[in-house]
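Here's the structure we're looking at; comments come further down.
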Protein chains: 2
Amino acid sequence: MLSDVMEDYLKAIYYLERDEGAPIGTSRLAEYLDVTAPTVTSMVDSLEERGLVDREKYKGVELTADGETVAVEVVRHHRLLEAYLTEHLDYDWSEVHDEADALEHHISEEFERRVANALGDPEVDPHGDPIPSPDLTPPDEGTGTRLDEHGENERLKVERVSDRDADELAYLQDAGVVPGTVLEITDVAPFGMVTVDVDGDEQSLPESVARSIRVSVATDSDESVVEEA
Amino acid sequence: MLSDVMEDYLKAIYYLERDEGAPIGTSRLAEYLDVTAPTVTSMVDSLEERGLVDREKYKGVELTADGETVAVEVVRHHRLLEAYLTEHLDYDWSEVHDEADALEHHISEEFERRVANALGDPEVDPHGDPIPSPDLTPPDEGTGTRLDEHGENERLKVERVSDRDADELAYLQDAGVVPGTVLEITDVAPFGMVTVDVDGDEQSLPESVARSIRVSVATDSDESVVEEA
DNA sequence: ACTTATGTTTAGATGTGTCTAATCCTTGGT
DNA sequence: ACCAAGGATTAGACACATCTAAACATAAGT
Ligand SMILES: [Mn+2]
Ligand SMILES: [Mn+2]
Ligand SMILES: [Mn+2]
Ligand SMILES: [Mn+2]
């Protein structure tokens, strides 16, 4: 059996590989998990002994196929829980991340199945993140492009939003920027601030926020105001 | 912060005090928690340092008011979870105990509130055990008397059933012995086996099972077959 | 009152997850 | 090709939760 700490390391490596590419350095992982570098060194060492990561000293670490499967399972738990909490327990999308982080390591396979069933096996969680299927095939995490990579006058559809900062999520909900929203970039300031038009309202988003929003180019069939199911 | 192991010790002491009276001996607690006696000695020692138990060497241990409050909170979590799993996720009452045992240490106060709300603040869990109120006043755990303390021809109403043995629960559900059931004792064998009449069906219960069922004397207003809400 | 059985505690060890301080690689700048 | 800076690992420590083996206290039995 794996400890929840080990599961958190694997999940962190999974996210960092997705966002920044393998291999992941010791200090990056230490920063992300809020522990010291020597702690990471010893932990990834035991993960390697269990065959869950490949590691090259002084280089970094990456998931093996087994390690990725564990990570994907934890991610499935996390995103199913986030969806369940919003759909059935009336949580706000800005509140669910921490709760899911605590529960994801402690639910049974039976609980996972029943929650998925109660939700009707959804494809994405409240932030637009793909929910891995029960067979634990790694989902496509690469949908869309970062909002800060686009320029003025582009008409874009919001695909997903980072779920890690509750304040940011509360602000975005207020601004109407949620998965499915169609927006148009009206201005990009030199220091990266992006101003967008959401259904007639102008919203200014700091670069750090714009970077955490993933979008696709809006097609004609994307209505600008429609609330999606 | 308390570890989940510490919470489990406090919950165990709470249950053992209820069933067997304080103080609780080291080896009894060791048996109940499936650890060795020295492990218990060192654990209760640190619980005493935190002011959660009173302890007299070579005598035993009992909860302080603070310790009881922690125990009652864990019990509230446990029983709310059991109720939620049966009511909203279609679990059988025989399956919920282990799931609740794992989750009870990891839910937030917010989650506790929302689950209680979704259930309409129930008084009892699926096994008839009282759910402590949010202010954590110790509930009355003494309702009813043990079925094995009654004799032939007594007409009794089932108040609660132990939730710890899944097989036993499955059997009892099949036999129709659930909280609210009215039954009549038709025979008590010398070795403790109790035979009861449940709505015309005869059911034989070994002494160990009879001991884990708590009942009250049925009144005229207790219909023999009615399923309670 | 003595002795023994039972139950409890102490002593000492292990594994996990973490830390700080010290040492050791690797690499980019000159 | 050298060296300094930054990042990574090793060394040594600590808290927690657990164990086995040994010593000890209490309670019962004679
Ligand atoms: Mn986590
Ligand atoms: Mn999410
Ligand atoms: Mn537990
Ligand atoms: Mn119960």
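Proteins get letters first, then strands, A, B, ... in listed order; numbering begins at 1 in each.
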Separation of dT8(C) P from Arg55(B) CZ (nearest whole Å): 11 Å

Charged N-O contact under 4.0 Å between Glu99(A) and Arg114(B): no

Asp34(A), CG atom: more than 12 neighbouring heavy atoms under 6.0 Å: no

Distance test, side-chain N/O of Thr41(B) to OP1/OP2 of dT8(C), below 4.0 Å: no

Polar side-chain atom of Thr86(B) near backbone of Asp92(B) as donor-acceptor pair, under 3.5 Å: no

Sequence neighbours excluded and cut-off under 3.5 Å, please list the side-chain donor-acceptor pairs for residues 65-74 of chain A, or say none.
residue  : atom : partner  : partner atom : Å
Thr69(A) : OG1  : Ala65(A) : O            : 3.1
Glu73(A) : OE2  : His77(A) : NE2          : 3.2

Below 4.0 Å: OP1/OP2 of dT18(C) and any side-chain N or O of Tyr9(A): yes

d(CG, Leu10(A); P, dG17(C)) in whole Å: 12 Å

Rounded interatomic separation in angstrom, taking CG from Leu2(A) and C1' from dT16(C): 13 Å

Positive for salt bridge (Lys or Arg N to Asp or Glu O under 4.0 Å) with Arg79(B), one of Glu123(B), Glu104(B), Glu141(B): Glu141(B)

Sugar-phosphate only, base, or nothing, as touched by Arg28(A) at under 4.0 Å among non-hydrogen atoms: nothing

For atom NZ of Lys59(A) and atom C1' of dT27(C), their distance in whole Å: 10 Å

Along DNA chain C (nearest heavy atom to each residue), the more 5'-positioned of Met6(A) and Tyr58(B): Tyr58(B)

Thr26(B) vs dG7(C): side-chain N/O to OP1/OP2 distance below 4.0 Å: no

Nearest-Å distance for atom pair CG/P, residues Asp4(A) and dT18(C): 9 Å

Sugar-phosphate only, base, or nothing, as touched by Ser46(B) at under 4.0 Å among non-hydrogen atoms: nothing

Spacing of Asp45(A) atom CG relative to dG15(C) atom P, expressed in whole Å: 15 Å

Residue-phosphate contact under 4.0 Å: Lys57(B) side-chain N/O, dT10(C) OP1/OP2: yes

Heavy-atom contact window of chain A on DNA chain D, given 5' to 3' at under 4.0 Å: dG7(D) to dT10(D)

Gap separating the CD1 atom of Ile13(A) from the CD atom of Glu17(A), nearest 0.5 angstrom: 7.0 Å

Phosphate OP1/OP2 of dT8(C): any Ser27(B) side-chain N/O under 4.0 Å: yes

Whole-Å distance separating the CG atom of Leu47(A) from the C1' atom of dG17(C): 12 Å

